[in-house]
Amino acid sequence: MKNALLKNLQSLDGSTFGLYIRSQGFVSGALYRLDGETWVQVMVAESEASWPAAMSLDLNYSADRATQGFVKYDLSSSQQNNKGKWSYLYFPEQEFASVQLMFVVRPATGKRVRAGELHAGLEACASRCRSLLEHAQFQRATSEDSFQQHVSAMGVDLRTLIEHELRTPMASVTGYFSLLDGLEEQEQLDCFREFLPVIRDQSRFALEAIEKLSLTLEGVQSKKDNSDVVAFDPAVEVEKICQDMTHQVVDFVTPQAAERTNIVVNQAFDHACVVAASQQLFRWAFWEVLKNAVIHARQGRIEVLMYQTDNMFVVDIADDGSGLSPGSEELVFLRFYQDPSTFASRKGKKGLGLGLFLARQIAERHFGRLVYIRKQGRTGLFRFLWPMQEQDGQSLKKEA
Amino acid sequence: MKKVLVVEDEAHIQRLIKLVLEKQQLSVDTVSSGEEALQYLNGGEKPDLILLDILMPGMDGLQVLRTLKQNSATKSIPVVMLTALAQETVVLKGIELGAQDYIRKPFHPQELAKRVVKLAG
């Protein structure tokens with residue numbers, strides 16, 4: 001029964017929410033409506049930097065403003081705590097228009113700290129665009145943290161930010177081509193040689209933006225056709241992606257930075273492993289995280305370490321940059337969030353802030369994870385976890 | 001020679017505009033943010049026209065425009081907004097704040113050149 005329900009949930013167009021409880025931790029989840037029933041999926045993040053020991057998180061929930069129930073999440077350091085695990089609120093035979101979630105943090109001292117209140121709308125949306133915009137407005141209205149404030153401070157909403165990210169590279173492409181009109185043949189050729197890297201660069205940005213928007217608007221799950229799931233050796237894929245990145249790094253960083261970029265790949269196991277996944281989405285997700293490391297590396301050194309643990313294939317990607325701002329460990333996986341400390345290291349392009357969001361979605365779609373682990377001070381690494389297949393071909397995908 | 005200040009955070013767009021306007025015998029200075037634009041103008045420079053991008057990190061173009069028009073030393077400098085935003089409300093807000101004209105991205109270089117030359121006098 002549980003497997004069937006999990007499958008149904010993942011095939012739905014669910015509106016998601018995220019609440020960062022400052023200095024405490026992160027709660028995320030999704031809302032679904034299926035065949036006249038309402039589901040709320042909640043996960044309390046297990047970030048190492050969050051949730052001081054001996055705490056609990058209380059969730060009081062209501063639907064259409066009528067009180068429904070109460071859930072307590074154990075956040076203690078015990079092995080049976082609720083950190084990193086999905087839980088569900090289920091409203092059978094009831095299709096609610098809205099669900100209200102109120103989180104209350106209980107620290108070790110027993111003092112109650114109100115975490116925040118979320119109001120989630122479950123309106124049927126005719127198009128994914130409208131769904132995305134409403135979700136963004138919902139996050140802006142209820143988020144306790146600064147990522148939406150950052151966007152709001154720019155004076156525009158998220159839809160216009162998307163338009164800007166597509167129109168600006170197209171302005172470059174069309175503008176530079178237009179400059180070639182009316183020139184003499186030789187001058188045209190000389191100018192074309194000069195403009196070609198810019199045109200190629202900006203075209204690629206535009207295509208990347210479109211690809212990310214397409215994945216975001218359609219939902220990662222709808223891109224995953226069952227027939228695309230294949231068994232493959234992820235270590236081989238990771239090696240290939242790192243090699244490809246070495247050749248393309250000049251597209252993302254300055255020529256000087258590209259010169260010193262060094263991606264070091266190590267693996268701490270001596271036998272092949274197999275995962276079952278969409279190979280295209282696996283490559284896309286890993287590429288995005290690796291690209292992120294390349295862009296933010298200071299001296300250009302990126303370390304990729306592969307190993308196996310607890311039937312999971314794990315890849316750690318660490319760069320020698322300054323790391324994320326404190327408190328951003330979960331924010332960085334939210335849609336459109338861009339850590340302010342990273343603005344200076346991008347090659348004149350802010351980007352949409354969708355890469356890590358989508359990479360995580362892809363990992364979770366395959367019952368894996370993508371997390372940021374903070375190390376000493378501000379440095380840290382991104383960690384991918386993918387469930388491995390048993391040698392007899394049986395899937396070892398873990399249930400949430 | 002007439003001088004134009006281009007306020008635009010995207011390096012490629014900056015370069016494109018500079019190429020286009022220098023062909024029209026205009027002198028072009030470029031800055032990459034609203035804050036840099038105000039520093040440039042507070043340093044005593046007085047361009048004949050400002051081409052101002054709207055969506056920039058930090059201080060956006062509308063804030064810069066508001067500041068320019070509140071300052072007696074800069075309020076008479078004509079401003080043309082450069083915007084990737086399709087929303088009419090943003091454009092109207094700019095006009096309300098005192099911008100002379102606006103150009104939408106992607107733009108045709110000849111169109112940009114014609115409008116800038118006309119307004120820069």
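Below, chains carry the letters A, B, ... as their sequence lines are ordered, and counting in each starts from 1. Computed from a predicted structure; not experimentally measured.
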(message) Report which part of L19(B) has an atom under 4.5 Å of a heavy atom belonging to chain A: side chain, backbone, both, or neither.
(response)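 Just its side chain gets close to chain A.
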(request) Considering non-hydrogen atoms only, spot the tightest contact between Y176(A) and R15(B) and give its length. (result)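 Answer, listing the atom of Y176(A) first, then R15(B): OH-CB, 3.4 Å.
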(request) Could you tell me whether E259(A) atom CD has more than 12 heavy atoms of other residues or ligands within 6.0 Å of it? (result)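 Counting neighbours around CD of E259(A), 12 or fewer heavy atoms of other residues, nucleotides or ligands fall under 6.0 Å, so no.
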(message) Looking at R260(A), I want to see if its CZ is surrounded by more than 12 non-hydrogen atoms of other residues, nucleotides or ligands under 6.0 Å.
(response)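 Correct, the count exceeds 12.
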Atom pair [atom1] ([X]) and [atom2] ([Y]), whose distance is rounded to the nearest 0.5 Å:
{"X": "L179(A)", "Y": "H108(B)", "atom1": "CG", "atom2": "NE2", "answer": "9.5 Å"}
{"X": "E111(B)", "Y": "S178(A)", "atom1": "CD", "atom2": "OG", "answer": "11.5 Å"}
{"X": "I13(B)", "Y": "Q202(A)", "atom1": "CD1", "atom2": "CD", "answer": "6.5 Å"}

(message) Heavy-atom cut-off 4.5 Å, strictly under: side chain, backbone, both or neither for F177(A) against chain B?
(response)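 For F177(A), there is no contact with chain B at all, as no heavy atom is under 4.5 Å.
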